[in-house]
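All remarks here apply to the structure that follows.
Per chain, numbering begins at 1; letters A, B, ... match sequence-line order.
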2 protein chains.
Amino acid sequence: MTPCPPKTSCLTCRLSDLCLPFGLQIDEVETLEIIIKNKRPLRLNELLFTKDQECLSLFAVKSGSFRRFMINADGLEQTLGFYLPGELIGLDALFDGHFTCSVDALETSSVCELPLTRLNELCTKIPNLQYQLTRILSKEITTNHEQMFLLSNNSAKLKIATFLLMLSKRFGALGYSNTHFNLSMPRQVIASFLGLSNETISRQLTALCKENIISVNQRQVQIHDLTLLEAIIEPYHSH
Amino acid sequence: MTPCPPKTSCLTCRLSDLCLPFGLQIDEVETLEIIIKNKRPLRLNELLFTKDQECLSLFAVKSGSFRRFMINADGLEQTLGFYLPGELIGLDALFDGHFTCSVDALETSSVCELPLTRLNELCTKIPNLQYQLTRILSKEITTNHEQMFLLSNNSAKLKIATFLLMLSKRFGALGYSNTHFNLSMPRQVIASFLGLSNETISRQLTALCKENIISVNQRQVQIHDLTLLEAIIEPYHSH
DNA sequence: CGTTGTTTTGACACTAGTCAATGGGTGTGG
DNA sequence: CCACACCCATTGACTAGTGTCAAAACAACG
């Protein structure tokens with residue numbers, strides 16, 4: 001018996017500016033809030049949904065982190081992306097109403113559930129909400145492009161550096177430290193995400209430690225020199 | 001002096017079911033048609049737009065093919081995706097009004113230009129149009145996920161096989177042959193897209209030829225055994 | 001304190017990258 | 001119409017970077 005979680009309030013949620021309520025009037029946020037359903041928190045490795053399942057709701061990450069994955073040709077789980085607080089899960093299912101990947105929790109995590117039928121109703125009534133949803137969809141596409149840029153680069157060192165910088169940037173945007181954070185995923189998951197072996201992840205991380213660019217203690221990462229890390233991925237400052 | 005191209009008509013366009021007009025009433029399509037601007041066709045390697053440029057329009061591919069790319073750490077063009085007829089270009093720019101990649105033509109190609117301000121106006125008036133735009137955004141995300149799945153696989157053979165099947169599927173959906181088609185891009189572009197060297201592309205293609213799965217003559221590809229090709233990426237039929 | 005799962009490290013094999021040379025197709029100009 | 005140049009694709013030889021396998025160190029948990 002888990003106690004009923006407290007009713008969600010977007011108005012007091014510190015993530016609201018990253019999430020669906022961004023750009024909405026107070027009364028519009030209040031209307032949005034009404035349709036949000038509470039779910040009990042998910043535990044480590046617990047599935048939020050699986051591939052091909054019918055999509056009845058979108059989910060916004062309230063706390064913790066999630067992982068998107070599919071099963072690859074070897075029958076192994078291939079990680080395709082991560083979701084941090086404030087991000088929307090399930091956008092790929094708006095096309096035909098079915099999830100195209102599976103998503104599970106990387107740690108104890110919670111989500112706000114947004115039933116699709118009610119969300120669609122609301123979008124027709126609140127133009128700002130429709131507009132923000134479109135913006136979020138577009139941003140997801142940009143994020144995907146950046147991930148592809150990362151992946152089609154063939155050096156392991158470059159991939160790790162980019163991965164760390166990606167996390168740094170996202171944690172920073174959430175108001176956390178961008179130089180000192182915890183990885184919520186094991187090496188194996190990072191490896192399958194980057195298309196590398198977990199041994200290579202280990203070796204590259206220790207290499208970066210020896211260069212005094214970062215220090216790593218288990219899942220705890222500290223970036224000592226953000227500039228040096230960025231120099232790895234942009235040696236000619238060709239931004 | 002190029003002659004003025006004939007006025008576009010979505011009603012007679014055989015791509016309309018793949019494109020923005022899908023699901024719209026005839027009168028709604030006619031309204032959409034009014035805002036479409038004609039552009040002269042683009043030649044090989046001609047830029048449609050560049051990264052960071054302000055986005056004033058979306059583009060729908062009418063004929064030919066396009067390439068999305070960015071400049072990587074080595075100062076080289078890294079190909080991030082391809083656009084075939086019926087597909088929308090520029091969706092990543094809806095987030096903040098700036099393109100996040102550059103796009104150029106892989107051959108002589110033409111687009112329908114959709115000015116954003118007028119498209120947005122229309123979306124508020126035609127709910128079906130807004131709905132279809134959302135579906136297209138969502139589909140783009142799914143396509144991206146599939147590309148990431150491709151890229152985070154670390155075998156060159158798997159990447160090539162998946163790449164060929166991806167093209168086969170997309171050409172098939174366009175009503176063309178899914179076993180006999182022309183690549184509009186040089187090996188170098190395929191290589192940068194897959195995160196491989198162009199020599200590896202060559203070698204893998206000749207390997208597939210020697211296995212009698214495909215035959216390749218310059219840019220012309222013929223798939224002899226689609227099942228064998230699929231078996232490469234799904235050895236356990238674990239779909 | 002033992003069990004389990006994760007991470008690190010080492011040794012070795014192998015895939016794919018690099019460099020270089022060759023071959024083929026296309027287009028231009030004589 | 002042919003000769004030449006250019007670009008692209010292919011092939012070979014070699015090397016560097018990663019994957020694989022195995023073992024050990026370490027942390028977490030009951």
Considering only side-chain heavy atoms of [X], which listed nucleotide, [options], is closest?
{"X": "B:Ser197", "options": "D:dA9, C:dT18, D:dT18", "answer": "C:dT18"}
{"X": "A:Arg219", "options": "C:dT6, D:dT10, C:dT8", "answer": "C:dT6"}
{"X": "B:Ser155", "options": "D:dG19, C:dA16, D:dT11", "answer": "C:dA16"}
{"X": "B:Leu196", "options": "C:dG17, C:dT8, D:dA9", "answer": "C:dG17"}

pair [X]-[Y]: side-chain heavy atoms closer than 4.5 Å:
{"X": "B:Ser202", "Y": "B:Leu205", "answer": "no"}
{"X": "B:Ile141", "Y": "B:His145", "answer": "yes"}
{"X": "A:Glu107", "Y": "A:Arg219", "answer": "no"}

Measure from [atom1] on [X] to [atom2] on [N] and round the result to the nearest Å.
{"X": "B:Leu44", "N": "C:dT26", "atom1": "CG", "atom2": "C1'", "result": "13 Å"}
{"X": "B:Leu158", "N": "C:dT15", "atom1": "CG", "atom2": "C1'", "result": "14 Å"}
{"X": "A:Lys159", "N": "D:dG17", "atom1": "NZ", "atom2": "P", "result": "15 Å"}
{"X": "B:Asn182", "N": "C:dG25", "atom1": "CG", "atom2": "C1'", "result": "15 Å"}
{"X": "B:Asn153", "N": "C:dA16", "atom1": "CG", "atom2": "P", "result": "11 Å"}
{"X": "B:Leu183", "N": "D:dC8", "atom1": "CG", "atom2": "C1'", "result": "13 Å"}
{"X": "B:Arg187", "N": "C:dG17", "atom1": "CZ", "atom2": "C1'", "result": "18 Å"}
{"X": "A:Ile160", "N": "D:dG17", "atom1": "CD1", "atom2": "P", "result": "16 Å"}

Any idea which heavy atoms bring [X] and [Y] closest together, and the distance?
{"X": "B:Phe181", "Y": "B:Ser168", "answer": "CE2-CA, 3.8 Å"}
{"X": "A:Leu80", "Y": "B:Ser152", "answer": "CD2-OG, 4.3 Å"}
{"X": "A:Leu42", "Y": "A:Leu47", "answer": "CD2-O, 3.6 Å"}

> Would A:Phe66 and A:Phe59 count as a close aromatic pair, with their ring centres under 6.0 Å?
Replying inline: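 No, ring centres 6.0 Å or more apart.
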Exercise. Has B:Thr206 got a side-chain N or O lying under 4.0 Å from the OP1 or OP2 atom of D:dT11?
Worked result: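 Yes, such a contact exists.
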Review point. Any side-chain N or O of B:Gln204 under 4.0 Å from OP1/OP2 of C:dA16?
Key: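 Checking C:dA16 against B:Gln204, a side-chain N or O does come within under 4.0 Å of OP1 or OP2.
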Closer to the 5' end of DNA chain D via nearest nucleotide, is it A:Asn198 or B:Leu205?
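Whichever sits nearer the 5' end wins; that is B:Leu205.
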Close N or O pairs between protein and nucleotides 21-30 of chain D (under 3.5 Å):
unit_1	atom_1	unit_2	atom_2	d
D:dC21	N4	A:Glu199	OE2	2.9

